[in-house]
Every structure is written in C-alpha cells, then in structure tokens.
Protein chains: 2
Amino acid sequence: MAVKRGAGDEVVTTTPATAAPDLDGPAVRERARAIPEAAVARLAVYLRVLSGMVDGGVTTISSEELSAAAGVNSAKLRKDLSYIGSYGTRGVGYDVEVLVSHIERILGLTRKHSVAVVGIGNLGHALANYGGFPSRGFPVVALFDVDDDLTGVPVGGIPVSHIDEIEQVCASREVSIGVIATPPPAAQAVCDRLVSAGVQCILNFAPVVLQVPDHVEVRKVDLAVEMQILSFHVARRADEASAEQAANGMVNGVGVEGVVIRP
Amino acid sequence: MAVKRGAGDEVVTTTPATAAPDLDGPAVRERARAIPEAAVARLAVYLRVLSGMVDGGVTTISSEELSAAAGVNSAKLRKDLSYIGSYGTRGVGYDVEVLVSHIERILGLTRKHSVAVVGIGNLGHALANYGGFPSRGFPVVALFDVDDDLTGVPVGGIPVSHIDEIEQVCASREVSIGVIATPPPAAQAVCDRLVSAGVQCILNFAPVVLQVPDHVEVRKVDLAVEMQILSFHVARRADEASAEQAANGMVNGVGVEGVVIRP
DNA sequence: CCGACTTTGTGCACACGTTCACAAGCGGTA
DNA sequence: TACCGCTTGTGAACGTGTGCACAAAGTCGG
C-alpha cells in the first residue's frame, strides 16, 4: 500500500485522446491501473453471469439485462465495462463471448493460478474439495498441515504435505495464491512462510490482521465480521422501527425507553 | 437499498451542539444511521483486537497502538470511533473495556443472533463446526439439507433437519441469520424460503446473485470472486514490472510485445 | 438511401469515504 | 495553581466511486 504510488504520479482516470488506434498495447496496462477496486469485484460477478449465459446459448446481451442479472444498475455496469474498453455495439448490446474473453484478460485469467491451502481442518477440507476453484481456473495443487497424522493422506485427490515442506513444494508446483485456513495463532507464521516461499497473493480465513510486505496482496474473509455487519443492520432496523413507532405513539420528546436500547 | 432514504432526508453527519446531555437516548439511533458501511466492518475488527487485549490484561490503549494492531491508520480509527461517540480520554487513550462494550452495543451484539445453516455439504459441515461463531455471540441453532440420508444425523452437536421444516424450525428457534451453503442452483429457492420464514439477514456462500425484498439484508462471500481479484492484482503487477523493464530496455514507443499480454 | 429507434459510452455533478492538521482537553509536575 | 506534553476529536480538503442524462453510433424497416 505504499509502493503503489511509485511510477504513475497523479493517475489520470480520463484517458482523453487515446481514441482507438492501439487496441491492445501498452494502453491496457495504463488502463488496468485505473480500474477501481470495486469495479474489479463486480467484473468478476459479470464474468460469472456471462459464463452462465454462454452455457445457456445466449450470444448477445444488453447492459440492461446483464445489470439486472448481476444485481447492479445499468449505468454502473456500462461504466465498469468502459474501464476495460469499448466492446459493445450501440443499438444492439454486447457479444457475450467477446465480453467474457476481455474480462478474463483484464482479470488475468489467461494464466492459471495454482492454489495452496494451508490448514486442513474443517474449512481446509471444504476448500480442498470445493469444486468452484478448479472450474474457474484456480486449481488446488498443494495442501499443508502441521499434524503428522494428516500428512500423506489425500484430501480431494491431493496428498497433504507437512508444513515444513512449504517452501520447496510451493516453488516446484508454482503456487501463486496461498489460502490460510489455520487457527488464528498460527496464521501470521504461516503467512510469513508463504511469503518467503514466493507467494504473492494470500486469501486469509483466519480472524487475524496479517502483516505482510508491500509487494504481497492480502484479502481476508472473516465470517464473524460478516455476521456482525448483519447484526448491525438488524439493530439499526429495529431502532428505526421502534423510533417510528415512538413517533406515532408518544408525542413527548423524552420517551422511548427500554424497548430496544439497553445502556 | 431503496427504502433507506425513507425518513432521514439529508442526514447531518455533524452533530454540532449535541454536547453531552443525552448520553444514551434517541441520539444513538440517529448516529447509527450515519455510520458508513466501511466503518462498521472496521469496528468489528477493532472489537476482535480489543477482545484479545482484554484477555491480555490491557486496560488502556491509544489510537496509535490500536490502529497498528488493526492494520489501519490512526486518523481513520479515531474517526470510526467518533461515529459511535466520544469515549476516549485526551492525553491518555481509550479504556479497553468501555470501548468493547460500546462497540458491542452499536453492532447490536447485546442481543444473541441465532444462526441457521442451509446445505450441509463440505462447507456447511465446516460452518456448523466452526468455533468462531458461538464464541462471538452467534450460536448455530439449526441445520438444514434436502438429503434424507443426512436428516437426523447430528453435525457439530445439532441434528440436521429436512429443508421442508425450515419455516417452522426457524420460527420456533428464533433464527435471525440464515447462512446459505447450498449448490448454486438451489440458492435462490432456499433464500426465498428463509425470507418467508421471517429471516431478515442472509449470508450467502453460493456464487449466485440473490433477489430479495428490500427489508432483507444480504451479504455474500464468493471465494471465486476473491481469487479473481487477487488474480487481477497479480496481472497488474506483472504488467507494471514488464512495463518498467521495457521502459529501461527499449526506447521506441511501440515495443513490449508477447511477454505479458496475450490478446 | 434515409429516417426512426435502440443502446452504448461518457461528461458532469453529487455523495461517500479518507486523510490531514490542529484546537480542545486531560494528566502529570513543579 | 499554572504550565507542559500528549492524545483525542473533528472541521475541512481531497480523492474515489456512483448515478444521471444525453450525444454518438449503430441497426432495422421502408
């Protein structure tokens, strides 16, 4: 998060006079740099929806249809797609296959990204067996655990390696993404070993804030945090409801006590 | 996402002259409404870090220390905390326990939120056995699946119910959060049944965009999307690296072909 | 070939979230 | 009590992301 501002200096989001001459050259890099993080997440969703459409035999789709299927509004969808270039036909819509291939290119899915899962507990088992990874170009090629009883046992077709082998195995199998599914206390140590093994991307399921060098990208999935965000919305909604009720029922400005908020 | 703008009309984030008289009244509700979504997610992280500090015997902490432990900068942390009120002491810092209780209150954790998991496959198993939920106030009280071979079998201490019982079981056990861990094709139907059972919050692990009424809050965890975001950053970084290399090695403006980008 | 209709791509304005920088306030000290 | 140093809390500037509304650009029917 620090080196990011190395080369670019003041990123110009509007690429004014870069009309059309270079369809796929250095400009792609420049543009990729300017795609908002939020848009990238949505592009992945569009890709999934579009893949389903290809299977369904759909060849062309309008921004209105696609945005409805992806759960966003059409303006946002078009803006997101404009970040990766102009591949639609006005008056018609987008060619589904063309769009798929361009999104895949931008997301870097033309390369295979081999995945290693560390921590073969309940969650690790589930991840190793999860069909969603390989089918989307993320083959799981290595599993690690500290438990000697697990090493050698195949899970989802892949034998579990001992965590001490992490460096050599990751290197030989060209792992580019590490998934941490260990108990919280082990997470930082595992993370350090993954980094020293040359892994540049980490998906962290452990409820711990990982410290990593600038060149490593971390994304976290914290189930408890997700729950708590939902909890917040429940509470907020309950407050609003009771407030509305209070506004109708009692006119004095002091009231509304003991129903929702417990100090 | 639509009804939100119902009552408030122009939310005033700055609560200027609401000095101190009402420490815990209707103002809390007003304020809760104004907390940015992103801040809520971070508050959950702060809470986790602070809980660890309580266990470690820490009684007071400065914004600088806490922000470092939570992986954010101190200004953001202080602003986040200011959304929930002024509970720090200038020149000293924050009382850890006070902060914990206030964050818990804002996040609605003074109520227990019972959880139901639907779809007892690999992931469902992992979630049912996951210790992180109960310990943070989210007891798993019900499990559902369509498979008759599973119904009755206890997983993580809770017997699996058939999905047809979802309405009555959810009602009797007062489920407030539903977790969808089914295969994609089943997700929307399950979601509809959860909603009709009165569940207001849904955590969705299926790679599907769920359609729900306005009053239901959905959060999604899509592992493939997370992977693809990581993939995007790998690609971007590779592009930057090769571009830098190209800038050093070749001076003509056309070059850099065939190394990274495959059109 | 032309005009009507449809849908994209984007400039612009607004809202949201982040960061900065500093006054206000508190504890410790003489 | 008066001062000094430290840390909070927050106004204000900034940057990023979202939504609107429309010109540009294409198809289709006649």
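One atom, CD1 of A:Ile35, and another, P of D:dG15, lie 21 Å apart when rounded to the nearest Å. Note: OH (A:Tyr87) to P (C:dT7) measures 23 Å, nearest angstrom. Per the geometry, CG belonging to B:Leu99 stands 14 Å off C1' belonging to D:dT7, to the nearest Å. Remark: P of C:dC20 and CZ of B:Arg78 are 11 Å apart, rounded to the nearest angstrom. A:Leu77 places its CG atom 12 Å from the P atom of D:dT18, with the value rounded to the nearest Å. Going from atom NZ of A:Lys76 over to atom C1' of D:dG17 covers 8 Å, rounded to whole Å. Per the geometry, CD belonging to A:Glu64 stands 12 Å off P belonging to D:dC20, to the nearest Å. Regarding B:Glu37, its CD atom lies at a distance of 16 Å from the C1' atom of C:dT18, rounded to whole Å.
Which of D:dT27, C:dG17, D:dT10 sits closest to the side chain of B:Ser82 comes down to D:dT10. In this structure, the nucleotide among D:dG17, D:dT8, D:dT27 sitting nearest to the side chain of A:Pro36 is D:dG17.
Proximity of a side-chain donor or acceptor of B:Asp95 to a complementary backbone N or O of B:Leu99 within less than 3.5 Å is not detected. The main-chain N or O of B:Gln200 is never found under 3.5 Å from a side-chain atom of B:Glu217 such that the two would form a donor-acceptor pair. Judged by distance alone, with hydrogens and angles left aside, the side-chain atoms of A:His113 form a donor-acceptor pair with the main-chain N or O of A:Gly108 at under 3.5 Å.
Between B:Ser63 and D:dT7 there is no side-chain N or O to OP1 or OP2 distance below 4.0 Å. For the pair B:Asn73 and C:dT19, the criterion of a side-chain N or O lying under 4.0 Å from OP1 or OP2 is met. Side-chain N/O atoms of B:Tyr83 include none lying less than 4.0 angstrom from OP1 or OP2 on C:dT18.
At a cut-off of 3.5 angstrom, counting only N and O atoms as typed in the model, there is a donor on one side and an acceptor on the other between the side-chain of A:Arg90 and the base of C:dT8.
Between A:Tyr87 and A:Leu81 the shortest side-chain heavy-atom distance does not fall below 4.5 Å.
Tested against B:Glu226 for a salt bridge (Lys or Arg N to Asp or Glu O under 4.0 Å), the candidates A:Lys220, A:Arg219, A:Arg136 yield a single pass: A:Arg219.
Summary of the strand contacts: A:Lys79 and B:Gly88 both lie near DNA chain D, and taking for each the nucleotide with the nearest heavy atom, the more 5' one is attributed to B:Gly88.
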